[in-house]
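What you see below is based on every heavy atom in this structure, not just the backbone, and it leaves out hydrogens, waters and symmetry mates. Predicted model, so just to flag it, every value in this text is computed and none were measured.
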Amino acid sequence: MQTADVVIVGGGIVGASVAWHLTEAGCRGVLIVERESHQGKGSTGKSMGGVRAQFATKPNIQMSLYSIPFYASFDERLGQPAGYRSQGYMFVATKPSHLDYLQTNQALQKSLGLTQARMVTRDEIVATVPQLRADDVLGGSFCPTDGFVDPYSVMVGFTTCACANGATLWRSTEVIAINRDGSGITGVETTRGPVSTPVVVNAAGAWAAQVAALAGIELPVEPMRRMLIPTEPFDGVSHEIPMVIDMSNGFHFRPESLGFLLAWNDPEETIGFNTNFEPSFIEKVLTRAADRVPCFENLAVNPKRAWAGLYEMSPDHHCIIGPLDEVNGFYCANGFSGHGVMHSPATGKMVADLILHGSTDVVDNVEVLSPARFAKGELLHETAVL
Ligand SMILES: Cc1cc2nc3c(=O)[nH]c(=O)nc-3n(C[C@H](O)[C@H](O)[C@H](O)COP(=O)(O)OP(=O)(O)OC[C@H]3O[C@@H](n4cnc5c(N)ncnc54)[C@H](O)[C@@H]3O)c2cc1C
């Protein structure tokens, strides 16, 4: 029988980061099990690649404060490209309550050491994106170290380096059972045969609840479709602009290749594994795009290039990280609620720390992210969800 020190279920960006952080810390017997023939077929390959520290809660900000500098040095540290572009995130406020909200968040961000985030005036916003309709804009916030990465490259980089450090990746292999006895995890059954291991990491993204169920555990992670629209080449707006978020309706966009990537979270979306792209979504998004940036009425979109993927929603929109009290040796790296790319470096470090040392200093109090918080009713509250 195969043996491993740690089996990671899921070879997306999160599983890959956990594997790299474990092997960097000296743990060599790491096995990543991915059921698809290629990595990235889950949410990682569908992501918008946005990274930001402009959040409303301490754990999310602290995870970004580990992750963004990590991305800035990724190429040098791993010898692999992350595609990090520090073009910033600019939140555009149209109501006094938006400005209050951004100011409150910024006070917390600054208290935790994020010095670069600042409030911006309407004039500064217009100077950044002169094509923006600003008659109702009151101001906003901007952080220049926020930006974008290439999620696929990051996942490949983490995996390549983890494997160079001794980890193993099994593709086209599904974990179909998780074995435990009275003292905890004893192994997993896979479509390639059994593996004996004392530690399992659930890095199964939107499918995390199903993997937890294999160990007899209920994990509150639900899939939710999100759609993205890449435009055809368009040079009516600079490609150096940040991610721009219209707070009046949640429409956001960023430059991508020769065009732009347009996003809007449809409030009518329901829970489920549907990943079909809905063509009527294009009209909804283009209406909002042209409303905020009038020259976007000239954008061309090829519906065949648009896509849908899954957010992995937790009840409080925060990730679920840490060991399960009920099953010794079962660790969660789940429930990112749409922030799994930006938080994958921090997650890898935290999970590796917890497995190897039982504690981590990436966030002040990792217990607040533990799966046990739901049963205790100790939910967090993140409102800066895009
Ligand atoms: C449209 C869209 C836009 C997004 N934009 C952003 C963004 O701008 N910034 C950001 O940070 N995040 C964004 N996200 C979210 C981000 O993509 C996810 O949070 C992140 O990719 C999660 O990574 P993961 O490795 O946990 O999951 P995944 O990439 O889904 O990987 C999980 C893997 O587990 C495998 N698996 C599942 N069950 C099993 C099993 N039983 N055995 C073996 N393998 C199994 C799956 O095949 C899959 O490959 C976006 C998501 C979508 C859909």
Side-chain angles (χ1 to χ4, degrees), residues 6-25 27 30-36 38-51 59-60 63-64 66-68 70-71 74 78 80 82 149-163 167 169-171 175 199-212 219 221 223 226 309-314 317-324 330-355 360 362-363 366 369-371:
V6 179
V7 170
I8 299 170
V9 187
I13 198 166
V14 169
S17 173
V18 172
W20 182 79
H21 280 88
L22 278 168
T23 57
E24 276 293 292
C27 177
V30 175
L31 172 64
I32 309 169
V33 184
E34 169 54 55
R35 69 177 166 197
E36 299 288 351
H38 298 289
Q39 291 174 275
K41 287 191 164 179
S43 303
T44 299
K46 308 286 169 57
S47 168
M48 197 174 187
V51 298
N60 275 342
M63 288 179 74
S64 295
Y66 177 88
S67 297
I68 293 176
F70 189 99
Y71 277 133
F74 191 97
L78 279 84
Q80 302 279 331
V149 295
D150 177 346
Y152 191 85
S153 281
V154 171
M155 177 191 70
V156 169
F158 272 137
T159 308
T160 304
C161 293
C163 290
L169 168 66
W170 283 0
R171 285 181 295 223
V175 171
V199 177
V200 166
V201 177
N202 183 352
W207 300 270
Q210 297 170 353
V211 168
L219 191 69
V221 175
R226 289 284 194 246
L310 298 171
Y311 269 20
E312 61 300 71
M313 305 303 291
S314 76
H317 303 143
H318 276 79
C319 56
I320 305 170
I321 292 193
L324 281 177
F330 190 102
Y331 290 79
C332 298
N334 306 120
F336 295 93
S337 307
H339 308 132
V341 165
M342 63 183 87
H343 284 161
S344 72
T347 301
K349 171 78 172 136
M350 289 158 73
V351 172
D353 283 349
L354 289 170
I355 291 172
T360 181
V362 173
V363 295
V366 71
L369 296 171
S370 85

Nearest atoms (heavy-atom pairs only) where Tyr331 meets Leu354: OH-O, 3.8 Å

Short side-chain to backbone donor-acceptor contact, Glu36 and His38, under 3.5 Å: no

Point-to-point distance, once rounded to the nearest 0.5 Å, from CE of Met155 to CG of Asp150: 9.0 Å

Under 3.5 Å: donor-acceptor pair, side chain of Thr44, backbone of Pro151: no

Heavy-atom side-chain proximity of Met350 to Val363 below 4.5 angstrom: yes

Closest non-hydrogen atom pair between Tyr71 and Val341, with its separation: OH-O, 2.7 Å

Close side-chain approach of Val51 to Phe70, heavy-atom, < 4.5 Å: no

CA sep, side-chain torsions, deciding dist, call: Glu312, Ser43, side-chain hydrogen bond (donor to acceptor under 3.5 Å, both in side chains): CA-CA 9 Å; Glu312 61 300 71; Ser43 303; 4.9 Å; no

Interatomic distance, Ser153 atom OG to Phe158 atom CZ [nearest 0.5 angstrom]: 12.0 Å

Return a table of donor-acceptor pairs under 3.5 angstrom between the side chains of residues 9-22 and protein atoms on other chains or two or more places apart.
| from | atom 1 | to | atom 2 | distance (Å) |
| --- | --- | --- | --- | --- |
| Ser17 | OG | His21 | ND1 | 3.3 |
| Ser17 | OG | Ser344 | O | 2.7 |
| His21 | ND1 | Ser17 | O | 3.0 |
| His21 | NE2 | Tyr66 | OH | 3.0 |

Whether His343 side chain and Asn60 backbone form a donor-acceptor pair below 3.5 Å: yes

Flag side-chain contact, heavy atom, 4.5 Å: Val211 against Val175: no

Thr347 versus Met63, closest heavy-atom pair with distance: OG1-CE, 3.4 Å

Where at least one partner belongs to residues 334-350, residue pairs that pass salt bridge (charged side-chain N to carboxylate O under 4.0 Å, His left out), sequence neighbours excluded: Lys349-Asp353

Ile8 CD1 to Ile355 CD1 distance, which is reported to the nearest 0.5 Å: 7.0 Å

Main-chain N/O of Cys319 paired to Ser314 side chain as donor or acceptor, under 3.5 Å: no

Closest contact, heavy atoms only, Pro371 versus Leu219: CB-CD1, 4.4 Å

Minimum heavy-atom distance between Ala167 and Thr23, given as atom pair plus value: CB-CG2, 3.9 Å

N/O donor-acceptor pair under 3.5 Å between Asn334 side chain and Asn202 backbone: yes

